[in-house]
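Here the structure comes first, spelled out in structure tokens, and everything after it is commentary.
Lettering follows sequence order; numbering is per chain, from 1.
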There are 2 protein chains.
Amino acid sequence: MATKKSTAATIYDVAERAGVSHQTVSRYLAGYEGIRPTTRERVAVALKELDYRPNLAARSLATSRSHRIAVLTGDLLAAGPSRTVQGVAEAARAAGYVVDIIGFDVDDPSSLTEVMDLIRSQDLAGVVALAVSDSMHDAISRLAIDAPLYLDSGPADLPGPVGQSFNAVGIQLALQHLIDLGHREIVHITGAMDYLAAKARVNGFEQLIRERGLRAHPVIEGDWTPRSGYAAVTSGQIDPAVTAIVAANDQIALGALRALDEAGVRCPVDMSVTGFDDIPEAEYYTPSLTTVRIDFQQQGTYIFNALMAQIRGDERPETGAFIKPQLVVRASTAPPS
Amino acid sequence: MATKKSTAATIYDVAERAGVSHQTVSRYLAGYEGIRPTTRERVAVALKELDYRPNLAARSLATSRSHRIAVLTGDLLAAGPSRTVQGVAEAARAAGYVVDIIGFDVDDPSSLTEVMDLIRSQDLAGVVALAVSDSMHDAISRLAIDAPLYLDSGPADLPGPVGQSFNAVGIQLALQHLIDLGHREIVHITGAMDYLAAKARVNGFEQLIRERGLRAHPVIEGDWTPRSGYAAVTSGQIDPAVTAIVAANDQIALGALRALDEAGVRCPVDMSVTGFDDIPEAEYYTPSLTTVRIDFQQQGTYIFNALMAQIRGDERPETGAFIKPQLVVRASTAPPS
DNA sequence: AGTCGGAATCTTTCCGGTAACAAAGTAGGT
DNA sequence: ACCTACTTTGTTACCGGAAAGATTCCGACT
């Protein structure tokens, strides 16, 4: 039966109740083996009776380590990042870590100064930076945070962070699907090009186009938003020969779908469209969107694990982690007519 | 010129450098007035030279108060809540608070036990619970958290939390718009009915229907998802006389739009549809969705302020805060034909 | 029985701040 | 110049844990 006390119980309270020293309680909590069973039992009982909860501030002060990680992100609003954050948060919680969300202004690198102060004040176990543009990438990597930092961005020509490993393969899944349907003239609408994810998708797209020996239509630059997908189609940049569009995410695909509809171009009869992410709404677009499903939950887990590996100081870069994208065929793709 | 030191500077380091006692430094940091200008200057210089950052764990331990709040939420994925969280996080950051995101399993009230432990270990300044269903509402309010708690849920018959004040007015904006267009047979597809937001929208809807003396079609129960909007239309629950649908959010509207399209019912010619939230995609649905825009940023600010008021122990419940919803007329509504 | 050594437990110190109290320093009034 | 009353600054204790060193306990062995 938990005793109601106005102030939270400390290890001293527990120790007194169990008739031992506070250090013994501390050892018990740390899982130390060498405690006599009778003593152990007394401590356990006292702990339960007082409904003891450790004070994390005190622990963190004493050890100068915490079980808290920060997620730095430019926008939580975008569907992808927000789900990734969710995934990281869940993985972190399962591992007994708490996640601080720290936002910064994507357009203002100087806002990082505040962020930096915040991070340095917090003794964090680690920091994850998600959805980071190139300019921010440099600013962040210069940040000289003393905690391990997992940066989900970087040059597109390197293998890249584990959290971004699926981009090329994913986009190729969509592209190959269109090729299999018989399409030969295919164009890509990109995400915001200062994001690694966008560049990786472009690279994946162009690589497969080359491998298959297809005509390389210049990509059309978008910025992840439906608006940019709409603009890409209405801007007249698309070669009339094109019969299929590979959008860098579902929102762009939505915008494109809408523009096609307004222009009287039927999807999928006259033009096929694929998305990326498989957000819950994608199935209900008109027509239902063929897209590539990403397991953001798993992505979050991988990212968290990668950070934990850094925290523990592991050397091996955990090569096995790869998020397997999955093609979801719905009604927005069909053979060219 | 900041001196590079391997370990972070403490107030003791600063004190030594400035030739004063650490307490004087502490006073300076606390903004205490009674410090001689010359001393003040020396401290300021030392502070800057050592690039001092306070250790929040130590401060929190000493004061048993922290500048950290937790946001408890069932799902970050849903568009509304995630944007609200974003808003709260931003308001909190502006006020110098850090936000911990704590997720729990909506379907498993026992997961709250863990959450509870987490919260109690963290010495938090306050807790915000968002997107809370009724069952969770009870579980959470029983949680006996010693920090101030802002619960964004509750009985639908009370005025309700400030964060939810816009529901009735917002839905009535949509409904009145349809009435103005000449619609008389209007049905509502609800959100998940164990959420305050869903109930408040239903109440607002039914109230205005009564006031205008219109036929009260029974509401069709949804769960915020596009799937449920789709199901509501295809299930045949809608009276053939109905000429307009008021959906509880944009996703539901999307599902409905899709079902109507498949059934060959033209929107807005044969059926008008309104959404709620104005997510960025809504404009690009087919047809472009008439909806009610909610300023989630502002909502987040209000919620944060409400929590801060509780933390400070203010009595007056800050009655002035109201998020003004805004009707956004697009192409999914038209006079009945 | 006396000793030795490891196991179990206790005591002290520290982490980096804040709070309360004590002690200087300073100025004004007589 | 002396005392009083503020001002300014310094000292010490404390928050709740963890780490390190000190101490007690206990059984095995001589």
For atom [atom1] of [X] and atom [atom2] of [N], their distance in whole Å:
X        : N      : atom1 : atom2 : answer
B:Ile11  : C:dG17 : CD1   : C1'   : 5 Å
A:Tyr32  : C:dA7  : OH    : C1'   : 7 Å
B:Asp123 : C:dG17 : CG    : P     : 16 Å
A:Asn55  : C:dG17 : CG    : P     : 16 Å
A:Glu16  : C:dT11 : CD    : P     : 13 Å
B:Leu61  : C:dA19 : CG    : C1'   : 13 Å
A:Tyr28  : D:dA18 : OH    : P     : 14 Å

* Starting from the 5' end of DNA chain C, give me the residue, A:Tyr12 or A:Val20, whose nearest nucleotide shows up first. => A:Val20
* To do: Could you please name the option among D:dG17, D:dG10, C:dC10 that lies closest to any side-chain atom of A:Thr24?
  => C:dC10
* Structure fact -> Ranking D:dC15, D:dG17, D:dG10 by distance to the side chain of B:Gln23, first place goes to D:dG10
* To do: Check the pair B:Tyr28, B:Arg40 against side-chain contact (heavy atoms from CB on, under 4.5 Å), reporting the backbone distance first and the verdict last.
  => CA-CA 7 Å; B:Tyr28 175 90; B:Arg40 172 179 296 275; 3.7 Å; yes
* Structure fact -> Taken in chain and number order and not counting sequence neighbours, the residues that satisfy ring-ring contact (aromatic ring centres under 6.0 Å, His included) with A:Tyr12 are A:His22
* To do: With DNA chain D as reference, determine whether B:Ala62 or B:Arg27 sits nearer its 5' end, using the nearest nucleotide of each.
  => B:Arg27
* Contacting residues from residues 33-45 of chain B, given that a heavy atom lies under 4.0 angstrom of DNA chain D -> B:Gly34, B:Ile35, B:Arg36, B:Thr39
* Backbone N or O of B:Leu149 within a donor-acceptor pair of the B:Gln310 side chain at under 3.5 Å? -> yes
* Asked: Are the aromatic rings of B:Tyr97 and B:Phe304 close, with centres under 6.0 Å apart?
  -> yes
Is [X] near enough to [N] that one of its side-chain N or O atoms lies under 4.0 angstrom from OP1 or OP2?
X       : N      : result
B:Arg59 : C:dA19 : no
A:Tyr52 : D:dG17 : yes
B:Thr63 : C:dT18 : no
A:Ser26 : D:dA18 : yes
A:Ser21 : C:dC10 : yes

* Return yes if the base of C:dT9 and the side-chain atoms of A:His22 contain a donor-acceptor N/O pair under 3.5 Å, otherwise no. => no
* Structure fact -> Distance col, row B:Gln299:CD vs B:Ile323:CD1, nearest 0.5 angstrom, shows 5.0 Å
* To do: Would you mind checking if A:Arg120 and B:Asp51 are paired as a salt bridge, meaning a charged N to carboxylate O distance below 4.0 Å?
  => yes
* Asked: Can we say B:Arg68 and B:Asp100 salt-bridge, meaning some charged N sits less than 4.0 Å from an Asp/Glu carboxylate O?
  -> yes
